[in-house]
Protein chains: 2
Amino acid sequence: MKRGTQTKRTTIYDLAELAGTSASAVSAVLSGNWKKRRISSQLAEKITRLAEEQGYALNMQASVLRRERSKIIGMLVPKYDNRYFGSIVEQFETRARERGLFPIITCTRRDPALEIEAARAMLSYQVDCLIATGATDPDRIADICSAAGVRTVNLDLPGSRVPSVISDNFGGALELTRRVLANSEREFGEKTPLLFVGGRGTDHNTSERVRGFRAAHAEAGVEVDEALVLTCGYAPEKAENAMKSLADKVGPLPRGMFVNSTISLEGVMRWIRRSGHYADRMPLLGCFDWDPFVAMLGDHIEMVRQDVPRMLDAVFEIIDSGASELKLIQIPPIVEQTG
Amino acid sequence: MKRGTQTKRTTIYDLAELAGTSASAVSAVLSGNWKKRRISSQLAEKITRLAEEQGYALNMQASVLRRERSKIIGMLVPKYDNRYFGSIVEQFETRARERGLFPIITCTRRDPALEIEAARAMLSYQVDCLIATGATDPDRIADICSAAGVRTVNLDLPGSRVPSVISDNFGGALELTRRVLANSEREFGEKTPLLFVGGRGTDHNTSERVRGFRAAHAEAGVEVDEALVLTCGYAPEKAENAMKSLADKVGPLPRGMFVNSTISLEGVMRWIRRSGHYADRMPLLGCFDWDPFVAMLGDHIEMVRQDVPRMLDAVFEIIDSGASELKLIQIPPIVEQTG
DNA sequence: CAATTCTGCTTCATCGATTGAGCAAGCGAG
DNA sequence: CTCGCTTGCTCAATCGATGAAGCAGAATTG
């Protein structure tokens, strides 16, 4: 009794006919509210069995079209090339599914135009809610969504229209810088100004981290060397090039550095290896973001790991509570212990 | 003239009324086939303008319900925690969008039950095609999909029902093992049996890689020590535990090893650091998979990098051509140059 | 026994977009 | 002037699921 090669899919009408009943009864049974609709348990059982036998699968398009809430939740994410965004996506999916929501994720590759296009696509698919992760223009996305009556939450980078969940970038950077400065004192007997490399000067996270970086210097009585703040972008090549041109300009290179993401660190490390600088002694490193292999790269690498589980808990708390007033939740990152 | 806080979304009926025309004309214009349907360009222009003004967004659920193809393409992926799967997902999204398809991805966390559930969810969302990446039971997924008339392609791990695109695991492992053995000869003056660690003994990739590992040994005239083939699973903890219990059992540890993924390498490296073994001299390493930081871990780490762009080209070639006869496409991985 | 309530269904409109069929006006040819 | 063709649209059915409203028949109540 198996259906031939890809005839039409089984629908509730097919099941209704097989069961000698109406589509409405089938729908009631399969959507689980047959008690409410006073369907006898015999019929319910029969329909359930038939559905099983026929390999029935609900047509979500039809279902969503009819219902007022789609139970689809969207997420925009810039990249999949590091642990931070990878775990954001994984945790997001898990939590969405726990709540009976269907997660759809789209990677926008840090491309502002693609971000907008992706947001529109999500709206077309009737998402109930959209999470904009690390968006270059979160407010634009929030506007588009609010016009369609769709709730938005910003993650990783804040906006000024809807709630945002981000790391405590200032606090994390402060602590990270402190540690690198402390290592500097331990190793070289003095605290010397560090290099800051990576990130976009215009984004909130980077500017907060630079602020933390400055604060730690101030607190240690070390003056920040402004030529050593290189907010050149996140991509490895950009970090590598920034290092290259820096080395051409300044004299002695700093003994330690604050690298503003693992992805920038990739470029920095590449430059170190290729250029032959620091050949005798590796610079003291601090990295804002965590990667298991980075931890193994040397003895003096400090890392702060953004607390993704807590960040996503906060995101879903906002979603579950239905709150949508503007607020900024800052989650302290975890300072990794290094030997 | 802005709509109040989340009234109903604008539909083609709203636009039709505003334009003093029919929904049918609006649909024709906005779906781009107004020439075919003989709509005057004045009307087309007017409708387009109105749609813009009103912030109209197509309701995909309705559209897909009516059409026979959804243009939605699904992908199941085991994890987002390494570069390999990360780039698979990113490349998949890009290629899907290039073709006007809407990609949806779900992470199954190497959980067979979740895999099936996710496949069913994809079917409910009317995907036209599903790519099962690294699935534990690809044939089960293929069966479920074929019952619904949905095409499937396996990626990374092959199945026996539908086309599969995988790396040339034998060839890659052969070359990788050769290199580690060569390093062994260079460093220690002799080729000694290597350790194989990571992966599931039951999966096709792992068994092919073990085969390549054996072949390289055979070719070098070195006998494989069967106690040194640890297919303990991929997770870092599993690799770590396998190393721990190996160290308790055997006497002198092997001088080099073949690690069957970056994720297993994470566990191996952790064990090396924690146990203090290899404290005097790091083992020679070969890793099947690439990671930028792993490359920087030491001087003697060989890696093969799976050729994700070519793999995805092959996947989409199959999809574009509509072929669905069983075949196995093996893409040679790239041997990374280390210095 | 009539009136009411309860049980277990069915009927039908609806969600928004798509598309085959059809219709009216205009225009050119005969 | 009339026939036929083109142009430019509209009508209405349809995709599959949902749920309010309604309707028989059985059970209960007064």
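Below, read A as the first sequence line, B as the second, and so on, with proteins coming before strands; counting in each chain starts at 1.
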Does a side-chain N-to-carboxylate-O contact under 4.0 Å join [X] and [Y]?
X: A/Arg109; Y: B/Glu90; value: no
X: A/Asp128; Y: A/Arg151; value: no
X: A/Arg99; Y: A/Asp320; value: yes
X: B/Glu93; Y: B/Arg97; value: yes
X: A/Asp313; Y: A/Arg310; value: no

Let me know the distance between [atom1] of [X] and [atom2] of [N], rounded to the nearest Å.
X: B/Glu45; N: D/dG8; atom1: CD; atom2: C1'; value: 16 Å
X: B/Arg38; N: D/dT7; atom1: CZ; atom2: P; value: 7 Å
X: A/Asp14; N: D/dC15; atom1: CG; atom2: C1'; value: 13 Å
X: B/Lys36; N: D/dC9; atom1: NZ; atom2: C1'; value: 17 Å
X: A/Trp34; N: D/dT18; atom1: CH2; atom2: P; value: 17 Å
X: A/Leu15; N: D/dA17; atom1: CG; atom2: C1'; value: 12 Å
X: B/Lys46; N: D/dG8; atom1: NZ; atom2: P; value: 16 Å
X: A/Glu17; N: D/dA17; atom1: CD; atom2: C1'; value: 17 Å

Given D/dT7, is OP1 or OP2 found less than 4.0 Å from the side-chain N or O atoms of B/Ser40?
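Checking D/dT7 against B/Ser40, no side-chain N or O comes under 4.0 Å of OP1 or OP2.
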
I'd like to compare against my own output: the B/S/- annotation of nucleotides 12-19 of chain C with a strict under-4.0 Å heavy-atom distance to protein.
-BBBBBBB

What is the minimum heavy-atom distance between A/Ala51 and A/Leu30, and which atoms define it?
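Heavy-atom minimum between the residues: CB-CD2, 3.9 Å.
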
